[in-house]
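Only heavy atoms go into these numbers, but all of them, side chains included; no hydrogens, no water, no symmetry mates. Residue numbers begin at 1 in each chain, while the letters A, B, ... track the order of the sequences.
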2 protein chains.
Amino acid sequence: MADSGKKNWAVSDEAMDGVQRITRVTLHDAVLNQLRDMIIEGKLAPGTRINEGPVGASLGVSRTPLREAIKTLASEGLVEILPAKGAIVRRFSEKDIRDILDVLKTLEQLAARLTCAHASDAEIAEIADLHQQMLRLYADRNRLAYFKLNQEIHAAIVRASGNSALTQVHEQLQARIKRVRFIGNELPERWAGAVAEHEEMNLALLARDGEKLSEVLGRHLDKTLDRVRDAI
Amino acid sequence: MADSGKKNWAVSDEAMDGVQRITRVTLHDAVLNQLRDMIIEGKLAPGTRINEGPVGASLGVSRTPLREAIKTLASEGLVEILPAKGAIVRRFSEKDIRDILDVLKTLEQLAARLTCAHASDAEIAEIADLHQQMLRLYADRNRLAYFKLNQEIHAAIVRASGNSALTQVHEQLQARIKRVRFIGNELPERWAGAVAEHEEMNLALLARDGEKLSEVLGRHLDKTLDRVRDAI
DNA sequence: ATCAGGGTTGTGGTATGCAGAATACAGTTT
DNA sequence: AAACTGTATTCTGCATACCACAACCCTGAT
């Protein structure tokens, strides 16, 4: 299945090591990411219609790539497409959020066991490092940066599982509730509680105690619903 | 969140009960489903390039909806898009399959508990009915129909959980390995084993024994990897 | 054999046109 | 005034034409 090309390269593979592939970003991708961010950040509120004309114009893009991006967003569950009416930013009910959190919980618990069992020391150290950074952001009460790093930690734990299907699905569901999750967590005591749970998570991770990590993550996500409930 | 329109209808809601909404299928959707089926059924083999020109022509569709459908397929993980090169049907390695099955197992086990706890008797009866139909197809050695019903049973168990995020994610992952799963299961003894497991599943479901159902599903999916291994 | 050019193909993107559905906006009736 | 109806307008869904440019293919020269 691997690349079986046997070319003799003028430049050795060794020499090309740290070189990062140049990434041609298609307009489709750019628009997709832009729109996704706008939804998550709330610049496009739930219920908002995505009008191809104006939106495309404001992004400086023709209808074609815009429409492609919208279809992709629909398949990711961030917008709904009503035939002949267009796309509207999806609105999540409390049950939707609960359902998503239930699945996320299960996924992260699976990831917890896999990561503790298989991840490299380097990966774990990196997550622990993220955790330390996050603590500093908490000390500074830098909510936005804290939030982003928080999401990144969860994503990193899942990624370290080495299961790409798991990573992708987790990312998809995480994206759906990012918005509401950010709005929640506003009260100081809730925030403090979340940080305490993360501290537990970090210890379990460093000890490679999958069961413990799974248990803490479960609690963490159970409480998340309470934390965000009034943000819906 | 429900429709809060307070119009006075000339026709009462009662009278409009059994009326099924007319569904306009956009070309985008039609093409999407068609292509997905073609990939799952193997008419588009892994590695095949989806050439916009010919494919569009053979489907009798212009590039516009075709390209939209391709982007959606990419987001579903069924094709890969290489910028400036086009889309190729994704090829799954054994590790990919294993990863997906691991996630599917976790998801179905979650569904098992939810369904046994919350599903209506009618839903469970319907699944049991599907099971009986499947047994008849097994008796007839009707592999294709058996396979489809088999997939439908798994999907129905998940759907009965009432968790739509779970349902959607499950469907997405299921679609990715449908193909390889169909090719597997060819040897009679494997087939018989799968049927036996389904029999257990059915009993657990009727007894609403979530733990038992979860355990059987776990075994079932663990064995699935063996069943399909040589089909990769 | 490797490499450099040159033609071909196909994608990514834009612009445009058009049928038909949705919506908004009347005008009419009761 | 409220409800209905017909019309105008907007916007989507889709097709088509067109272009730049990257990728591929082939051939010829070193």
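- Spacing between atom CD1 of B/I88 and atom C1' of D/dA23 amounts to 14 Å, rounded to whole angstrom units.
- Ionic pairing of B/D226 and B/K223 is not present here: no N-O contact between side-chain nitrogen and carboxylate oxygen is shorter than 4.0 angstrom.
- Other residues, nucleotides and ligands contribute only 12 or fewer heavy atoms inside 6.0 Å of the CD atom of A/E171.
- Remark: P of D/dA15 and NE2 of B/H28 are 13 Å apart, rounded to the nearest angstrom.
- In this structure, the CG atom of B/L66 is 12 Å from the C1' atom of C/dT11, given to the nearest Å.
- For B/I81 and D/dA22, the CD1 to C1' distance is 16 Å, given to the nearest whole Å.
- Look at CZ on B/R24: it is 18 Å from P on C/dA19, rounded to the nearest Å.
- Summarising the geometry, atom CG belonging to B/L27 is positioned 10.0 Å from atom OG1 belonging to B/T64; distances are rounded to the nearest 0.5 Å.
- At a threshold of 4.0 angstrom between heavy atoms, the contacts of B/T64 include nucleobase atoms, whether or not backbone atoms are also involved.
- The 12-atom threshold is exceeded at CD of A/E41, counting heavy atoms of other residues, nucleotides or ligands nearer than 6.0 Å.
- Applying the side chain to side chain contact (heavy atoms under 4.5 Å, CB included) rule to B/A45 yields the partners B/T48; only residues at least two apart in sequence or on another chain are considered.
- Straight-line distance from the CG atom of B/L27 to the P atom of C/dA21: 14 Å, rounded to whole Å.
- Note: A/H198 and A/H154 have perpendicular aromatic rings, judged against thresholds of 30 and 60 degrees for the angle between ring planes.
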Report all interatomic pairs (protein N or O, nucleotide N or O of nucleotides 5-12 of chain D) with separations under 3.5 Å.
residue, atom, partner, partner atom, Å
D/dT12, OP1, A/N51, OD1, 3.1
D/dT12, OP1, A/E52, N, 3.1

